[in-house]
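Structure first, commentary second.
These numbers come from the heavy atoms of this one structure, side chains and all, not from hydrogens, waters or symmetry mates. Labels below follow one simple rule: chain letters A, B, ... track the order of the sequence lines, proteins then strands, and each chain is numbered from 1. This one's a predicted model, so the numbers in the text were calculated from it and none came from an experiment.
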There are 2 protein chains.
Amino acid sequence: MQSNEPGNAERTQPADPARDGLQTPCLLLDAAKVRANVDRMRAHLTGLGVAFRPHLKTAKSLDVARIAMTAPEGPAMVSTLREAEYFAEGGVRDMIYGVGIAPAKLDRVAAIRARGVDLAVILDSLEQADAVAAQARAAGDALPVLIEVDADGHRSGVAPDDTATLVAIGRRLTEGGAALRGVLLHAGDSYALSDPAALADAAEAERRAAVRAADALRGAGLPCPVVSIGSTPTARFARDLTGVTEVRAGVFMFGDLYQAGTGAVAVADIALSVLATVIGHQRAKGWIIVDAGWMALSRDRGTAKQAVDQGYGVVCDLAGQAYPDLLVADANQEHGIVALRRGSGARLPDLPVGSRIRILPNHACATGAQHECYHVLDEAGRVSGVWPRINGW
Amino acid sequence: MQSNEPGNAERTQPADPARDGLQTPCLLLDAAKVRANVDRMRAHLTGLGVAFRPHLKTAKSLDVARIAMTAPEGPAMVSTLREAEYFAEGGVRDMIYGVGIAPAKLDRVAAIRARGVDLAVILDSLEQADAVAAQARAAGDALPVLIEVDADGHRSGVAPDDTATLVAIGRRLTEGGAALRGVLLHAGDSYALSDPAALADAAEAERRAAVRAADALRGAGLPCPVVSIGSTPTARFARDLTGVTEVRAGVFMFGDLYQAGTGAVAVADIALSVLATVIGHQRAKGWIIVDAGWMALSRDRGTAKQAVDQGYGVVCDLAGQAYPDLLVADANQEHGIVALRRGSGARLPDLPVGSRIRILPNHACATGAQHECYHVLDEAGRVSGVWPRINGW
């Protein structure tokens, strides 16, 4: 784009000694944007009459969880048992572990539940149901289970019209001593969409599959109190969620360039960025070298498949305003190569060695995981604190 | 490939209660393979008459460093100041920090040097030289510097024929109170090659550029005791290193599918793998779902650009033997989708829920960074201990 945005001279770079003292690369998190993103999602889901179970896999931070959750005890969704342990330690009492349960993980699940946490698991096979039922009997604890249902062929789950398998799993669980809590779906293929109408259709397809599976269980006399669906794009574009009891979503809290490419968030709402320092130039090539490579940004190149390829990230000034057409065009482990988008008529900004920039990520889940904490920006854009985060399993 | 490899029935899966007790996903590291990879590189470089400065950015582990280094004190190469601090704590005394120095990092460099560590920095501009010289004078410490020289247009560095800039930087450093220790190059473009002759040519080009830059400095009466080059492919394929004093390489210690694609390592020599558990199936699609997604494997898809695309990794049995044509075909955050290579005539192995597999990574640096430790395999293939590793900056 040829842009009317201000050049370097006019850019207001907010003074902030705390930020200037940070060692780069590191994560900045705009807390006000997180709160606004959460408020928007909550209002949308409240309007649709469903509960909200925030997915904590993106943030992996108790501070962020407390903004996202409707109560300090949850509900919440986690992607690893380490998250479950960490959030349990922080007082969260209602969680679903959202990866099909491996039998060898049931001891850890039992230990978390023994601390008074209502941790549920998901599964999509009779073998898993048998293992869970055996664990429930051994522990004397009716472990709650949601049957994973395949919304759109994305990865796991029983087909929503496979009533025989759904009912067989449900019976194995309830007769074996576990508790059948409901069905859970994730419309993962929605991430490949960008048209609002197509996304609304994907949300409706996810809803229909969920209701169909729930009806199949109930029709066989089995309980199905929870009908859980979720993905940031379908959560955002759902118009009617009749029959659904709760929606899960996570990445929307931070937003990222990929979600912006789907239309689920606005670039201006992206709360996460990587602070980096200019360490050199290759002026003949129009390159600015910065100290954020793929180790700090992640290897995620999700936008390469979208209409607008954002390289390894969009480059912004310290106020968070994007420089016209300036991207991290390539990345080595600890080096980012900043350059104008190919074919752009924009002017390369003058950023001497030691200048600092902020980089908006392709994928907040992946970029966040490369770091150990968030440096939190307050309403004035100043670094006001540190929020730790976890990684690992 | 249509293969004569043994099917499941004939596969010997070594019994190992320690391994079976591991929570997945996690890293396995074959210590004997690391030692053999290091021995091979050392012998090659000894034959070429150059010192070896192992790059510790892949392993980020003191246990691995002690295998790789020629002495407990080093020399070694690091990619972050956190690595420098960690290895200094572990007794390493000779390090180069291999990312162009940002002025705001010089206080940390000084603190490490104040502990008696000979930590050198690299740079490629007069601005950086001035900042380093100012720091050297302020600290009363002749901070050693290598001028980064651009071997092949890959990223940073002064052009090897830009004598004026090389000499100007050298003079600013020496006259300003810093110590000019030499020149440093990295033939990063060699990673895109796979032909041994082309790789030998790349190594020779790297050597020639290094010698040319060193001669330029010496011709101006400046010191250049160290002539440092390095990359795993050029280190492996170099035939003559006249004029070079040391070679750096790191990823070769572990090897990975990308390096195997360049010919720099053999698949059988890859020491790093991710242990994962089968958590489900989509039989109609030929999918096996495992609990290692991109969070455990990294988003690196480097082999997508090579002659053989290995997806998110090659799937092996517990003995480390690859199943014919079996790949992690796709990955979500905590899910891997295992499937046969497209068009393969091989048979999908029978891997029930709870079965365990090992996944060879595309890129050892990226996969390693997703984890906090290595579970170490002994000569018999049994898990014999844990080696911690670090991440962050």
Side-chain angles (χ1 to χ4, degrees), chain A residues 20-21 23-26 57 79-81 98-105 108 123-125 127-128 131 148 150 153-157 188 277-282 285 287 289 291 293-296 298-301 330 332-335 337 352-354 363 365-366 369-372 391-393, chain B residues 20-21 23-26 57 79-81 98-105 108 123-125 127-128 131 148 150 153-157 188 277-282 285 287 289 291 293-296 298-301 330 332-335 337 352-354 363 365-366 369-372 391-393:
Chain A
D20 296 345
Q23 290 284 300
T24 56
C26 65
K57 76 182 183 114
S79 70
T80 66
L81 289 180
V99 177
I101 191 70
K105 289 177 180 159
R108 261 173 100 188
L123 52 77
D124 66 356
S125 69
E127 303 96 291
Q128 288 166 299
E148 188 171 10
D150 184 13
H154 182 66
R155 60 178 186 224
S156 304
T277 302
V278 172
I279 59 169
H281 301 85
Q282 293 289 11
K285 293 176 176 166
W287 290 357
I289 315 290
D291 66 354
W294 57 253
M295 189 65 84
S298 93
R299 268 293 196 198
D300 198 288
R301 287 283 291 103
D330 203 355
N332 299 163
Q333 184 161 336
E334 298 293 348
H335 297 77
I337 297 177
V353 166
H363 188 171
C365 307
Q370 302 301 109
H371 298 262
E372 293 164 4
N391 285 308
W393 294 269
Chain B
D20 296 343
Q23 289 284 298
T24 56
C26 64
K57 77 181 182 118
S79 69
T80 66
L81 289 180
V99 178
I101 192 69
K105 290 177 179 158
R108 260 173 101 189
L123 52 75
D124 66 356
S125 70
E127 303 96 291
Q128 289 166 300
E148 188 170 11
D150 184 13
H154 182 66
R155 61 178 184 223
S156 304
T277 302
V278 173
I279 59 169
H281 301 85
Q282 293 287 14
K285 293 175 176 166
W287 289 359
I289 314 289
D291 65 355
W294 57 253
M295 189 65 85
S298 92
R299 267 294 196 198
D300 199 287
R301 286 285 289 107
D330 203 354
N332 299 163
Q333 184 161 338
E334 298 292 349
H335 296 77
I337 297 178
V353 166
H363 187 171
C365 307
Q370 304 301 108
H371 298 261
E372 294 164 3
N391 284 308
W393 294 270

- Message: I want to check something: taking the side chain as every heavy atom from C-beta on, are A/Lys105 and B/Thr277 in contact at a cut-off of under 4.5 Å?
- Response: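 Counting from C-beta outward, A/Lys105 and B/Thr277 never come under 4.5 Å.
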
- Task: Indicate yes or no: at least one non-hydrogen side-chain atom of A/Glu334 is less than 4.5 angstrom from one of B/Trp393.
- Result: yes

Choice from [options] maximising heavy atom contacts with chain B below 4.5 Å:
options: A/Gly98, A/Ser156, A/Ala102; result: A/Ser156
options: A/Asp291, A/Ile101, A/Asn332; result: A/Asn332
options: A/Gln333, A/His371, A/Glu372; result: A/Gln333
options: A/His154, A/Arg299, A/Lys285; result: A/Arg299
options: A/Pro25, A/Gly280, A/Ser298; result: A/Pro25

Contact class of [X] relative to chain B, heavy atoms under 4.5 angstrom:
X: A/Asp300; value: both
X: A/Ala131; value: neither
X: A/Asp330; value: neither
X: A/His363; value: side chain
X: A/Thr24; value: both
X: A/Arg301; value: neither

- When you measure from the side chain of A/Gln282 to the backbone N and O of B/Arg155, does any donor-acceptor pair fall under 3.5 Å? yes

- Task: Could you tell me whether the side chain of B/Gln128 and the main chain of A/Ile279 form a donor-acceptor pair under 3.5 Å?
- Result: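 Indeed, once roles are kept as given, a pair shorter than 3.5 Å links the two residues.
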
Where do [X] and [Y] come nearest, in terms of heavy atoms and distance?
X: A/Ala369; Y: B/Met295; result: CB-SD, 3.4 Å
X: A/Gly354; Y: B/Pro103; result: CA-CD, 4.4 Å
X: A/His335; Y: B/Gly100; result: NE2-N, 4.4 Å

- Of the backbone (N, CA, C, O) and the side chain (C-beta and beyond), which part of B/Lys57 lies under 4.5 Å from a heavy atom of chain A, both, or neither? both

- Against chain A, work out which of B/Cys26, B/Gly392, B/Ala296, B/Pro352 has the most heavy-atom pairs shorter than 4.5 Å and name it. B/Ala296

- Message: Counting heavy-atom pairs closer than 4.5 Å to chain A, which one of B/Gly157, B/Gly21, B/Gly293 comes out on top?
- Response: B/Gly157

- Task: Sequence neighbours left out, what passes side chain to side chain donor-acceptor pair (under 3.5 Å) with B/Ser79? Give chain and number order.
- Result: B/Glu83

- Query: Atom CG in B/Asn391, atom CG in A/Asn391: separation rounded to 0.5 Å?
  - Reply: 8.5 Å

- For B/Glu127, all residues meeting side-chain contact (heavy atoms from CB on, under 4.5 Å), sequence neighbours excluded: A/Arg283, A/Val353, B/Ser125

